[in-house]
2 protein chains.
Amino acid sequence: MKKPTIKDVAKAAGVSAAAVSYALNGRTDKVSGETMERIMEVIESINYIPDFSARSLAKNQSKLIGIVIPQTESHKQLILENPFYSEIISGIEGKLREHGYHLLLSGVNQGESYLDLSVQRNLDGAILMGIYPEPFYDGFKKINIPIVLIDSYINDSYFKRIGIDDEYGGYLATRHLINQGHSNIGLITGAIRKDGVVEKRFLGYKRAMREANLFYNPDYVFEESMSYEHGLAAGKLIADKYPEITAIFATSDLVAFGTMRSLMSEGKRVPEDISVIGFDDISMSKMFIPPLTTIRQSITEKGAIAADSLIQMIQGRTELDEKEILLPLEVVERGTVKFKS
Amino acid sequence: MKKPTIKDVAKAAGVSAAAVSYALNGRTDKVSGETMERIMEVIESINYIPDFSARSLAKNQSKLIGIVIPQTESHKQLILENPFYSEIISGIEGKLREHGYHLLLSGVNQGESYLDLSVQRNLDGAILMGIYPEPFYDGFKKINIPIVLIDSYINDSYFKRIGIDDEYGGYLATRHLINQGHSNIGLITGAIRKDGVVEKRFLGYKRAMREANLFYNPDYVFEESMSYEHGLAAGKLIADKYPEITAIFATSDLVAFGTMRSLMSEGKRVPEDISVIGFDDISMSKMFIPPLTTIRQSITEKGAIAADSLIQMIQGRTELDEKEILLPLEVVERGTVKFKS
DNA sequence: TTGTATGCGTTATCAT
DNA sequence: ATGATAACGCATACAA
């Protein structure tokens with residue numbers, strides 16, 4: 001049994017295909033209430049479901065949103081190991097579905113190839129998270145598809161940005177440690193790239209130190225990657241070589257987990273011997289033992305807002321909106337930061 | 001500048017649209033090497049990219065794979081909070097992309113509505129994880145689309161299943177605790193539904209107890225949901241009312257995290273006072289403090305294999321294959337199980 | 001080997 | 001208000 005088309009509906013309802021199309025799209029101005037009803041009944045009874053491919057072809061809009069996630073270079077896999085991304089996707093998907101859009105999830109092979117996907121699939125828009133090389137962004141502008149950037153500092157009015165004030169977040173975290181009496185504060189972080197979130201958090205760290213008249217020691221900055229493994233390595237280094245450090249700001253919760261683990265392996269107690277504060281407040285952080293003190297941003301909401309913004313852009317009513325939305329930040333005190341005795 | 005179509009290519013190459021189509025699909029029998037080259041050159045130069053919507057219409061295949069994830073009932077969001085799902089998706093996406101398929105990620109509103117999506121988008125296949133009501137599965141059979149089930153015990157030869165031997169996993173976990181000298185072993189678990197993974201793990205637990213001639217005490221089974229929160233509640237209950245329990249089998253790592261947390265809040269030490277073993281080995285488990293002893297299944301690989309199987313089904317060469325693939329299981333000893341003193 | 005013509009399911013234009 | 005028909009971009013059966 002083949003699946004019914006609009007023509008089948010038309011035939012069964014004794015109207016033209018055009019009428020059915022009108023009815024489907026709620027054009028009450030083009031179709032009388034009576035026939036409208038009849039058509040709807042037929043649709044129900046023969047269980048007709050419109051074909052999006054055909055619709056996409058005719059209307060040139062796919063109701064499809066792409067979302068691009070950074071990818072580990074070694075693995076060919078999405079870095080969904082970091083719960084941060086899954087949580088944000090969760091937020092995006094919920095909102096999209098609510099508005100009749102679907103979500104195309106994909107990594108990206110080489111630099112350009114994601115563009116191909118956008119064109120192939122006629123994407124109505126896309127959400128990019130993380131940071132990519134320049135030409136990557138340019139491509140999207142060229143094919144003229146609405147884009148929302150999450151956690152990006154690309155300053156181009158073509159894009160709408162959703163993010164947080166990372167500098168302030170870094171400042172908040174560091175100041176919290178300072179307020180607890182710490183002065184030798186280590187920073188464990190991913191690669192500090194120009195205009196990346198990491199750089200901003202790093203800047204916030206420095207500002208807090210400066211404001212408190214504390215000495216900024218570059219040796220206390222452990223920069224490599226936003227991974228559990230780096231946290232592990234840096235934590236060990238600190239335990240071994242820098243016993244004077246009494247507090248650590250890890251620029252993501254995942255890094256903080258690694259840090260705490262190696263710290264404890266080396267015989268340091270958290271927070272008794274050394275305090276640790278993270279960043280993000282992924283859902284796992286409250287589950288950790290001890291529960292992680294961190295900078296909270298509502299990740300899921302971030303995704304939802306990004307989706308909302310994108311839909312607005314697609315529907316062309318973005319004029320009044322600002323080009324950037326910053327979500328609130330707060331330190332959530334749990335069990336890994338302690339007053340320095 | 002509109003995006004180039006197959007006709008533009010044809011014109012520029014001085015051939016017909018058909019020739020271009022042949023070239024595109026590698027029909028070397030239909031096109032001479034010479035013109036093939038010329039066409040390819042033009043494609044390169046004007047940067048032509050085929051439209052999948054049109055292709056989907058013409059060929060009736062979309063190169064689109066759907067993946068359905070359970071959804072919390074209260075929230076309208078995907079339960080991507082459980083890293084288990086993100087890891088599996090990661091595995092799926094990587095493999096799909098490798099084969100030229102794209103991934104449509106979606107929750108599901110009511111019972112039937114996912115079917116609509118499959119029809120609307122002309123899905124070439126879908127991967128279902130978790131357990132759904134009967135009619136949900138029937139629908140897929142009716143529209144005749146290849147389906148791979150992950151972690152399901154639906155016994156219907158229409159579907160291909162990828163999973164693990166959950167009964168054996170439960171047995172392994174419990175036996176590990178028994179081998180460490182424990183005899184009062186609690187089970188903290190999600191809802192035990194007929195033919196669900198949870199039931200199987202529960203059965204494995206009972207078998208291990210029986211084999212060891214240990215008394216199976218229904219009071220020691222704490223059944224509710226596969227969530228951190230339930231682990232929390234059950235752990236507290238055990239600490240308060242069942243001091244004789246010296247070991248716990250939590251049927252997922254997330255539950256184990258909750259359990260350990262409340263246990264420790266109540267003053268119990270893990271593993272000194274009470275041992276805990278989990279199930280899944282999500283990436284977070286090795287990061288936990290103490291690192292979680294658990295039953296390992298390679299989650300990402302599970303996703304990859306599911307994707308592989310689905311692609312094979314789609315390409316119609318599934319005859320020789322078995323209808324079920326079971327992945328290996330092993331207990332990975334870390335820091336939460338200790339010999340009973 | 002190459003080109004022509006037609007269909008895929010839907011929407012939009014233009015009559016009626 | 002309703003219907004006939006031409007797009008949309010591509011694949012394919014058939015003719016040349």
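The chains referred to below are lettered A, B, ... by the order of the sequence lines, with proteins before strands, and numbering in each begins at 1.
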Q. In whole angstroms, how far is the C1' atom of C:dT1 from the CD1 atom of B:Ile39?
A. 11 Å
Q) What integer distance in Å separates B:Arg121:CZ from C:dG9:P? A) 17 Å
**Q.** Nucleotide nearest B:Ala58 when distance is taken to its side chain, options C:dT13, C:dG7, C:dT10
**A.** C:dG7
Q | Aromatic plane relationship, A:Phe159 with A:Tyr137 - under 30° parallel, 30 to 60° tilted, over 60° perpendicular | A | perpendicular
Q) How would you label the contact of A:Gly33 with the nucleic acid (heavy atoms, under 4.0 Å): base, sugar-phosphate, or nothing? A) nothing
(Q) Just to be sure I understand the rule, does A:Thr5 reach a base, reach only the sugar-phosphate, or reach nothing, if contact means heavy atoms closer than 4.0 Å? (A) sugar-phosphate
Q: Consider only side-chain N and O atoms of A:Arg97 and A:His102, and report whether a donor and an acceptor are under 3.5 Å apart.
A: no
Q: Rounded off to whole Å, could you give me the CZ-to-P distance for the B:Arg38 and C:dT1 pair?
A: 14 Å
(Q) Under 4.0 Å, heavy atoms only, any strand: does A:Ala18 hit a base, just the sugar-phosphate, or nothing? (A) base
Q | Shortest non-hydrogen contact between B:Leu327 and B:Lys302, atoms and distance | A | CD2-CA, 3.6 Å
Q) Can you find a side chain N or O atom of B:Ser16 that sits less than 4.0 Å from OP1 or OP2 on C:dG3? A) yes
Q: Go through the N and O atoms of the side chain of A:Tyr48 and the base of C:dT10, and report whether any donor-acceptor pair is under 3.5 Å.
A: no
Q | Flag side-chain contact, heavy atom, 4.5 Å: A:Ser309 against A:Ile162 | A | yes
(Q) Rounding to an integer number of Å, can you tell me how far B:Lys7 NZ sits from C:dA5 C1'? (A) 12 Å
Q. When you match B:Thr35 and A:Leu57 each to their closest nucleotide on DNA chain C, which lands nearer the 5' end?
A. B:Thr35
Q: Walk me through it: do B:Leu105 and B:Ile89 pass the test side-chain contact (heavy atoms from CB on, under 4.5 Å)?
A: CA-CA 9 Å; B:Leu105 181 64; B:Ile89 290 178; 3.9 Å; yes
(Q) Of all nucleotides in DNA chain D that come within under 4.0 Å of a heavy atom of chain B, which is furthest toward the 5' end and which toward the 3' end? (A) D:dG9 to D:dC14
(Q) Just to be sure I understand the rule, does A:Asn60 reach a base, reach only the sugar-phosphate, or reach nothing, if contact means heavy atoms closer than 4.0 Å? (A) nothing
Q. Looking at residues at least two apart in the chain, or sitting in another chain, which of them share a ring-ring contact (aromatic ring centres under 6.0 Å, His included) with A:Tyr48?
A. none
Q: Starting at atom CE of B:Met36, determine the distance to atom C1' of C:dT2, rounded to an integer number of angstrom.
A: 14 Å
Q: Would you kindly give the CD-to-P distance between A:Gln61 and C:dT11, to the nearest whole Å?
A: 10 Å
Q | Interatomic distance, B:Tyr22 OH vs C:dT4 C1' [rounded to whole Å] | A | 10 Å
Q: Identify, between A:Asn25 and B:Lys59, the residue whose nearest nucleotide on DNA chain C lies closer to the 5' end.
A: B:Lys59
Q.
Within the 3.5 Å criterion, strictly below it, is a donor on A:Ser53 or A:Ser56 matched to an acceptor on the partner's side chain?
A. no
(Q) Please classify the nucleic acid contact of A:Val15 as base, sugar-phosphate, or nothing, using heavy-atom distances under 4.0 Å. (A) sugar-phosphate
Q | Residues A:Glu41, A:Arg38: salt bridge by 4.0 Å N-O rule | A | no
Q. In whole Å, what is the span from the NZ atom of A:Lys3 to the P atom of C:dT10?
A. 7 Å
